[in-house]
Structure formats: structure tokens, C-alpha cells
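Basis for what follows: all heavy atoms, side chains included, without hydrogens, waters or symmetry-related copies.
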Amino acid sequence: MKSDTPRRQHYVPQFLLRNFAGPGGKVWAYDTRVQKRFSSGPVNLAQEGFFYRFEGDDGTHELAAIEIWLAKEIDGPGASAIAGLLKKRELSPEEVRAFFRFVAAQMQR
């Protein structure tokens with residue numbers, strides 16, 4: 001396991017969750033397993049330890065480099081596009097592409 005691979009891997013990026021935070025930076029969530037609502041910071045929500053971990057052909061568990069790739073190629077540009085949309089209410093053609101790549105990735109997660 002590479003040491004630079006984050007252990008806590010979000011399937012909903014924190015930057016997106018922050019847009020729904022109230023005063024104090026907390027987001028309300030609902031735990032369907034125990035049927036309770038609670039508030040927490042985005043760092044603790046919509047994430048699992050080693051979410052992108054997979055079993056290799058030889059039976060060993062490996063961490064997919066997809067977490068790092070998603071952050072750089074999909075989530076980063078998507079965050080910039082969403083920030084631009086919220087701020088100026090319009091997107092350049094490149095920002096539109098980044099936005100829809102982000103949306104498509106979210107649908108697959």
C-alpha cells in the first residue's frame with residue numbers, strides 16, 4: 001500500500017459537501033442503518049476507509065490509484081467549475097466540460 005494514498009476516501013468530495021454546510025461548517029446527514037440524523041463536518045461524511053481498494057488477481061488487496069487521479073483530474077477541475085458557476089453564474093466551454101466530467105464521475109461513484 002502506498003503511503004501517499006489517502007485512507008479516508010470520499011465518494012462525495014468534501015468541497016461539494018461544504019456547499020451544504022450551515023453555520024459552524026456542519027452538514028446534516030441521516031444514517032439509514034440506525035435511522036438517526038446527525039450533523040458532522042464534511043471531512044467525516046460520505047467517505048469510507050479504502051473505498052477504492054480492490055483485490056488483485058493474486059488475491060492481495062491493493063489501493064487503486066484512482067483516488068489520487070480523481071482528485072487531480074476530475075474533482076479539482078469540477079470544484080473550480082462549480083465555484084465559477086456559483087460566483088459568476090456562467091461557465092466557459094472548458095469549465096462546462098469539467099463540470100460534466102465531474103457529474104458523470106459522481107454518478108459512477
Trainee: Rounded to the nearest 0.5 Å, how far apart are CG of Leu91 and CG of Leu85?
Mentor: 4.5 Å
Trainee: Same cluster or not: Phe15 versus Trp69, using hydrophobic residues (I, L, V, M, F, W, Y) connected whenever any side-chain heavy atoms lie under 4.5 Å apart?
Mentor: yes
Trainee: How long is the straight-line distance from CZ of Arg97 back to OG of Ser92, given to the nearest 0.5 Å?
Mentor: 7.5 Å
Trainee: For Ser39, what residues pass the side-chain hydrogen bond (donor to acceptor under 3.5 Å, both in side chains) criterion, not counting sequence neighbours?
Mentor: none
Trainee: For the residue pair Ala81 and Ala98, what are the closest heavy atoms and their distance?
Mentor: CB-CB, 4.4 Å
Trainee: Holding to side-chain contact (heavy atoms from CB on, under 4.5 Å), I want the full list of residues that pass it with Gln106, two or more places apart in sequence or in another chain.
Mentor: Val12, Pro13, Phe102, Arg109
Trainee: Does atom CZ of Phe38 have more than 12 heavy-atom neighbours, drawn from other residues, nucleotides or ligands, at distances under 6.0 Å?
Mentor: yes
Trainee: Going by the rule side-chain contact (heavy atoms from CB on, under 4.5 Å), which residues pair with Lys88 if we only count those two or more places apart in sequence or in a different chain?
Mentor: Glu90, Glu95
Trainee: If you take all heavy atoms of Ile74 and Arg101, which pair is closest and at what distance?
Mentor: CG2-O, 4.0 Å
Trainee: Rounded to the nearest 0.5 Å, how far apart are CD1 of Ile82 and CG of Asn19?
Mentor: 7.0 Å
Trainee: Pairs under 3.5 angstrom only: tabulate donor-acceptor contacts from the side chains of residues 24-34 to other protein residues two or more places apart or in another chain.
Mentor:
{"unit_1": "Asp31", "atom_1": "OD1", "unit_2": "Arg33", "atom_2": "N", "d": "2.9"}

